[in-house]
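Report on the following structure.
Below, read A as the first sequence line, B as the second, and so on, with proteins coming before strands; counting in each chain starts at 1.
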2 protein chains.
Amino acid sequence: MGNLVIDINKLEMAASKLRAIAHPMRIAIIDLLNDSPKLSVTEIYEKLKIEQASASHHLNILKNKGVLISKREGKKIFYSLKNISLTEIIECINRCNED
Amino acid sequence: MGNLVIDINKLEMAASKLRAIAHPMRIAIIDLLNDSPKLSVTEIYEKLKIEQASASHHLNILKNKGVLISKREGKKIFYSLKNISLTEIIECINRCNED
DNA sequence: ATATTATTTCATAATTTTGTCAAAAACTTA
DNA sequence: TAAGTTTTTGACAAAATTATGAAATAATAT
């Protein structure tokens, strides 16, 4: 009785992951990466017409939340959607939205 | 190409729902309601030792996000977990946390 | 070393969330 | 109707979170 049924840490992780994704510029980044297997920071900031540092910042947020992965190849660092990818996330969202 | 795959509205709804739940006092409220089928606002604020208005605000947030439902009976208004309840939410969280 | 690419840090601005108070509303009972 | 409960609402300031831009730093390739 009265025992905490919900793990507040997991909740906060999930909430912060969704919050991270629910941002116009980051949606745009995810959208770009949904069409290309991988893109460098330069490609991303040029396509989206934002500053490099800004792109890096957003990419880092998405990486920290486990949405993206990065891999260096020569000079550049390429970002990709983490394999489990969007369909899983979207399924989760829809589940959360069921009323 | 470049078409928005994610519905930003659904994302924001899910994010805000999780954010609503991921709050210590609201977790406590959900926890209380997990043990009782229904509780009045008075019962809740007394058990949690918070102000009535504060309880009402939190309850309203949870109700707006579809976590709780309310029903008037005589003088009092009783809140309950919305039937789909916690197991669904917890499953969703765990899904979201899969790495 | 130099140029390129990306990250990190820092300051600051903007936004969101919270808590509290007082007033209003909804309802019941006498 | 008047008086008493119970709950909601709105307004406001404090606190916390998030966003943004500029400059410094790091890592790599040639």
Scanning both residues in full, the closest heavy-atom pair of L81(B) with N34(B) reads CD1-OD1, 3.6 Å

**OP:** Say whether, by atom type as modelled, one donor and one acceptor occur between the side chain of S16(B) and the main chain of M13(B) under 3.5 angstrom.
**Re:** yes

For this session: Identify whether any heavy atom of A55(A) sits under 4.0 Å from a base atom; if not, whether one sits that close to sugar-phosphate; answer base, sugar-phosphate or nothing.
Result: nothing

R19(A) atom CZ is separated from dT17(C) atom C1', nearest whole Å, by 10 Å

When the rotation axes relating C1' atoms of four end pairs to the next four are compared across the helix from dA1(C)-dT30(D) to dA30(C)-dT1(D), five pairs an end, they differ to 10° by 30°

_At less than 4.0 Å, is any side-chain N or O atom of H58(B) found next to OP1 or OP2 of dG19(C)? Yes or no._
yes

Looking only at heavy atoms, the pair that brings K82(B) and G66(B) closest together is CD-O, 3.3 Å

In whole angstroms, the gap separating P of dA6(C) from CD1 of I69(A) amounts to 16 Å

Please determine whether a side-chain nitrogen or oxygen atom of Y79(A) lies at a distance below 4.0 Å from atom OP1 or OP2 of dT5(C).
no

query = Counting just side-chain N and O atoms, does S56(A) come under 4.0 Å of either OP1 or OP2 of dT7(C)?
reply = yes

Separation of dT17(C) atom C1' from M25(B) atom CE, nearest Å, is 15 Å

Whole-Å distance, N64(A) CG to dA19(D) C1', equals 16 Å

Within residues 38-49 of chain A, those residues having any heavy atom closer than 4.0 Å to DNA chain C are S40(A), V41(A), T42(A)

For K63(A) and S70(A) the tightest heavy-atom approach is NZ-OG, 2.9 Å

Within the structure, does a side-chain N or O atom of N60(A) lie under 4.0 Å from either OP1 or OP2 of dT8(C)? yes

**Asked** Looking across every strand, which nucleic acid part, if any, lies under 4.0 Å from S54(A) by heavy atom: base, sugar-phosphate, or nothing?
**Response** nothing

dist L39(B):CG -> S80(B):OG (nearest 0.5 Å) comes out at 8.0 Å

Taking the side chain from R19(B) and the backbone from A22(B), do they hold a donor-acceptor pair closer than 3.5 Å? no

Between CG of L59(B) and P of dG19(C) the distance, given in whole Å, is 13 Å

From the candidates dC27(C), dT9(D), dT28(D), the one with an atom nearest any side-chain atom of A53(B) is dT9(D)

R26(A) side-chain N/O to A28(A) backbone N/O, donor-acceptor pair under 3.5 Å: no

How would you label the contact of Q52(A) with the nucleic acid (heavy atoms, under 4.0 Å): base, sugar-phosphate, or nothing? base

Of all heavy-atom pairs linking A55(A) and V41(A), the shortest is CB-CG1, 4.4 Å

From CD of E73(B) across to C1' of dA26(C) the rounded distance in Å is 16 Å

(message) Using OP1 and OP2 only, check whether a side-chain N or O of H57(A) sits under 4.0 Å from dT7(C).
(response) no

To the nearest angstrom, the NZ-P distance between K71(B) and dC27(C) comes to 15 Å

Does any N or O in the side chain of E43(B) come within less than 3.5 Å of the main-chain N or O of S40(B), such that one atom is a donor and the other an acceptor?
-> yes

Item to check | R26(B) side chain near dT18(C) phosphate (N/O to OP1/OP2, under 4.0 Å) | outcome: yes

Nearest-nucleotide check on DNA chain D, K63(B) vs G74(A); residue mapping nearer the 5' end is K63(B)

To the nearest angstrom, the CD1-P distance between I61(B) and dT9(D) comes to 12 Å

query: Taking the six-membered ring of F78(B), is the NZ or CZ of K38(B) close enough (under 6.0 Å from the centre) and on axis enough (within 45°)?
result: yes

Closest to the 5' end of DNA chain D, once K76(B) and K75(A) are matched to their nearest nucleotides, is K76(B)

